[in-house]
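Below: the structure, in structure tokens.
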Amino acid sequence: MKKGNLGLAVTTEAREFEESTVCGIFGCILKSGEAAPIVHVALKRLEYRGYDSVGTATLHENKLFIKKDSGKIDEVHALHNLDDLPGRIGIGHTRWATHGAPYQVNAHPHTDCDEQIAVVHNGIIENFAELKMELEERGHTFRSKTDTEVISHLIEEKLREGLTLVEAVRETVKRLDGSYAIAVVSVKEPDKIVCARKESPLVVGIAENAVYCASDIPAFLPMTNRSVIVQDGEIVVLSDERYEIRKILDWTQVTREPEHIDWSPELAEKQGYPHFMLKEIHEQPLCLRNTLRLQDQFLELMTTFLDRAGEVFLVACGTSYHACLAASYMFSKLALLATHPVIASEFVEQHGKSVNIDSTLLVVSQSGETADTLAAVECARLRAATVLGLTNVVGSTLTRVARVYVCQQSGPEIGVAATKTFTSQLSVLSQLALRLAKKRGKISHVEIENLEEKLEQIPDIVERIIQTQEEKVKQLAKKYRDKQCFFFLGRGISSAVALEDRLKLMEIAYVPSIAYPAGESKHGPISLIEPGFPVIFICPKDDTHKTIVGNIMEMKARGASIIVVVEKGDEEIKSLADDYIEIETGLPEVLSPIPYVIPLQLFAYYMAIERKCDPDMPRNLAKSVTVK
Ligand code: AGP
């Protein structure tokens with residue numbers, strides 16, 4: 001499995017590993033006027049990429065001017081006036097810390113020892129720890145705990161050797177493992193910005209009186225709609241009204257004319273998707289790849305806590321609770337560890353008196369701020385239980401109160417409905433279960449290798465599901481849009497998927513729906529069934545296959561319309577269904593929730609569209625529920 005430097009932190013010990021991955025960068029060279037206010041408004045337009053810290057650097061009369069701090073852009077601006085920096089050349093950054101607290105010192109831009117070079121970066125430098133050690137041995141002084149700072153010090157060394165700025169950037173990026181989109185300025189060559197890209201987005205904007213670089217087109221769209229997409233492995237030098245692109249590898253020059261962008265600024269922010277929810281569903285392959293870069297040593301530490309626990313509670317609300325429910329099957333099947341998934345708002349009543357020093361809570365919360373979840377944490381801490389956290393927001397309350405926390409690396413989720421953060425949680429939880437299984441010797445080498453291999457393939461599998469099934473799901477939404485109620489059924493780990501799919505459909509398309517473990521449906525809920533009642537079954541080909549066939553027959557016999565999510569080639573189930581969505585074969589049961597939930601996230605989205613509901617802002621809901 002590929003290992004990187006992403007993701008985990010121990011609240012006290014892990015400060016060495018702070019870094020940011022999902023951020024926005026921007027740069028501009030104006031013919032005349034001040035760059036800082038332009039950088040400021042551009043960063044505001046990139047704020048959807050991250051908003052826990054912000055910073056700007058400008059060049060003026062061979063001097064570098066920098067303002068940066070933690071906090072939202074408006075807060076930092078109110079405090080420091082981000083418009084008040086001299087010079088017509090500037091770079092800026094809006095940060096989403098994925099590891100380590102968002103402190104001023106970790107905000108970008110990052111500089112070299114003499115503060116002659118400033119760098120903004122979006123991505124992950126996987127080998128930063130080695131590079132940092134090497135640079136420190138050669139006398140460099142580091143101010144931050146970020147991965148990014150190695151870039152400014154490496155450039156500093158190359159400039160000292162007499163290279164030009166672009167040569168220095170080229171030699172520097174050759175040493176970096178991981179992903180990056182960077183913009184660099186130096187007082188030594190105060191007329192240019194040098195950018196480079198590998199695996200993180202970078203675009204250039206060309207206007208009459210200015211050139212821009214940015215993580216994304218919306219940053220400069222109000223100023224120009226002429227844009228050049230920078231490709232992986234390319235360096236770009238921006239100078240007065242000019243851009244020059246070269247291949248990092250062989251230094252050949254690339255000729256690429258600007259394209260005309262006809263998106264509205266609003267559409268551009270969503271990268272052409274009509275809603276954030278759809279954008280975030282499509283981002284899942286990328287987010288899942290990020291979850292495979294979590295850092296070994298911290299995953300291991302969390303596993304040790306789980307191994308030593310007398311009892312383990314998996315505590316969360318809403319979608320995060322469904323991830324916990326799925327995780328309870330993972331821990332049980334892989335590590336033979338019985339865990340108790342608990343809805344956080346019930347924790348105090350249900351376990352508040354019995355939780356104790358031998359208890360461990362693995363608390364899952366995208367926001368890290370959900371009041372019910374934090375109340376459970378508080379109760380457990382007062383009784384000396386160990387609290388472990390899995391969250392998407394570094395700096396959130398959960399990261400502060402947990403003994404160890406893991407950052408799931410999904411980037412900001414704007415849509416109120418959790419989608420990409422759910423599958424990322426599942427990926428991290430499955431990795432923890434797998435590690436625990438290894439540690440306890442509960443699983444064979446062959447099984448471990450197979451699972452690790454499949455985990456690596458999950459992002460591509462998810463990508464293919466979206467590509468091949470989206471159109472079909474759209475048609476299903478058209479067919480079923482007027483139905484008044486849906487049933488979602490699954491057995492085993494798929495019962496968690498059924499609950500999550502039900503929640504998605506209810507919360508954004510306002511269709512009252514019911515979800516049960518399929519076996520339970522005949523103990524009452526089946527009385528609702530009458531001809532045409534839509535029942536959605538989640539049926540991967542696992543140990544529950546035979547019994548779920550029986551459950552489908554029960555519903556079919558009563559006239560239900562059967563919609564199934566099945567493995568490709570599962571003719572037995574397909575022959576019983578009115579409609580089916582196919583998932584590719586060969587997925588281990590414990591990983592199946594990740595791909596199987598995707599089509600029904602899309603179903604909920606397209607049902608919302610068909611029913612004229614706004615999927616990004618469902619009524620009565622908030623992204624983060626901070627009241628009990
Ligand atoms: C899911 O789509 C919801 N928006 C909601 O159920 C959410 O998962 C829940 O409020 C928990 O939030 P958290 O993960 O931030 O704690």
Side-chain angles (χ1 to χ4, degrees), residues 96 275-281 283-284 287 291 313-327 341-347 361-378 380 387-402 405-429 488 496-511 513 515 593 597-598 600-605 607-608 613-628:
W96 175 263
H275 297 98
F276 281 109
M277 182 181 174
L278 190 60
K279 171 177 172 280
E280 286 156 4
I281 290 174
E283 271 170 11
Q284 288 179 104
C287 297
T291 63
F313 295 100
L314 307 172
V315 183
C317 296
T319 292
S320 298
Y321 168 72
H322 299 150
C324 287
L325 190 59
V342 187
I343 289 178
S345 55
E346 288 300 312
F347 185 84
L361 273 71
L362 175 48
V363 177
V364 181
S365 172
Q366 185 283 131
S367 61
E369 298 293 354
T370 301
D372 288 325
T373 309
L374 295 177
V377 168
E378 191 51 24
V387 174
L388 314 174
L390 167 56
T391 183
N392 192 32
V393 182
V394 174
S396 62
T397 306
L398 182 58
T399 64
R400 291 197 295 272
V401 296
Y405 72 85
V406 179
C407 177
Q408 61 182 77
Q409 314 298 346
S410 312
E413 189 173 62
I414 313 286
V416 166
T419 52
K420 62 177 184 171
T421 54
F422 177 62
T423 47
S424 294
Q425 286 167 348
L426 290 173
S427 173
V428 179
L429 291 165
F488 288 87
V497 180
L499 283 166
E500 174 57 12
D501 290 332
R502 187 268 310 247
L503 175 60
K504 289 289 91 87
L505 187 65
M506 281 202 316
E507 70 178 331
I508 62 160
Y510 314 143
V511 188
S513 300
V597 78
I598 306 287
L600 295 172
Q601 292 175 338
L602 285 165
F603 182 67
Y605 171 79
M607 282 290 281
C613 309
D614 179 349
D616 283 344
M617 285 185 208
R619 66 188 178 210
N620 309 333
L621 291 177
K623 184 70 186 158
S624 182
V625 185
T626 52
V627 287
K628 283 203 258 176

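What you see is a predicted model; the values in this text were computed from it and never measured. Read the numbers this way: they start at 1 and go in the same order the structure lists the ligands and their atoms.
- Note: no N/O pair closer than 3.5 Å links T373 and ligand 1 by distance alone.
- Near T370, with a cut-off below 4.0 Å to any heavy atom, the atoms of ligand 1 are 12 (O), 13 (P), 15 (O), 16 (O).
- The closest donor-acceptor contact from the side chain of D616 to the backbone of F276 lies under 3.5 Å.
- By the 3.5 Å distance cut-off applied to N or O atoms, Q425 is not counted among the residues near ligand 1.
- Residue-to-ligand polar distances keep V364 apart from ligand 1: every N/O pair is separated by 3.5 Å or more.
- Closest to atom 11 (C) of ligand 1, if we only count protein heavy atoms, is C317 O, 3.3 Å.
- Within 6.0 Å of CE in M617 there are 12 or fewer heavy atoms belonging to other residues, nucleotides or ligands.
- Of all protein heavy atoms, the one closest to atom 4 (N) of ligand 1 is V416 O, 2.9 Å.
- Here's the thing with L503: none of its N/O atoms is less than 3.5 angstrom from an N/O atom of ligand 1.
- Among residues two or more places apart in sequence or in another chain, the side chain to side chain donor-acceptor pair (under 3.5 Å) test is passed with Q284 by T423, Q601.
- Every atom of ligand 1 is numbered from 1 in the order shown, and the set under 4.0 Å from a heavy atom of A418 is 1 (C), 2 (O).
- T391 places no side-chain N or O within 3.5 Å of a backbone atom of C407 that could act as its donor or acceptor partner.
- No side-chain donor-acceptor contact under 3.5 Å links K504 to the backbone of A509.
- Protein heavy atom in closest approach to atom 6 (O) of ligand 1: G318 CA, 3.2 Å.
- The shortest contact between atom 7 (C) of ligand 1 and any protein heavy atom is with T319 N, 4.1 Å.
- Remark: S424 pairs with S410 by the side chain to side chain donor-acceptor pair (under 3.5 Å) rule, at least two apart or across chains.
- At least one heavy atom of K504 sits under 4.0 Å from some atom of ligand 1.
- For atom 10 (O) of ligand 1, the closest heavy atom belonging to the protein is V625 CG2, 4.0 Å.
- Atoms of ligand 1 found under 4.0 Å from any heavy atom of S320 (numbered from 1 in listed order, with element): 8 (O), 13 (P), 14 (O).
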Report task. Evaluate the criterion side chain to side chain contact (heavy atoms under 4.5 Å, CB included) for residue pair T397 and V377; output intermediate values, then yes/no. Result -> CA-CA 10 Å; T397 306; V377 168; over 6 Å; no
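- Nearest to atom 15 (O) of ligand 1 among the protein's heavy atoms is S367 OG, 2.7 Å.
- Panel note: side chain S396, backbone V393; a donor-acceptor pair is recorded below 3.5 Å.
- Side-chain N or O atoms of E280 include one that pairs as donor or acceptor with a backbone N or O of G415 at under 3.5 Å.
- Close approach of ligand 1 to A417 is summarised as follows: ligand atoms under 4.0 Å from at least one heavy atom of the residue are 2 (O).
- Of all the heavy atoms of E507, the ones lying under 4.0 Å from any atom of ligand 1 belong exclusively to the side chain.
- Remark: the backbone N or O of G411 is paired with a side-chain donor or acceptor of N392 at under 3.5 angstrom.
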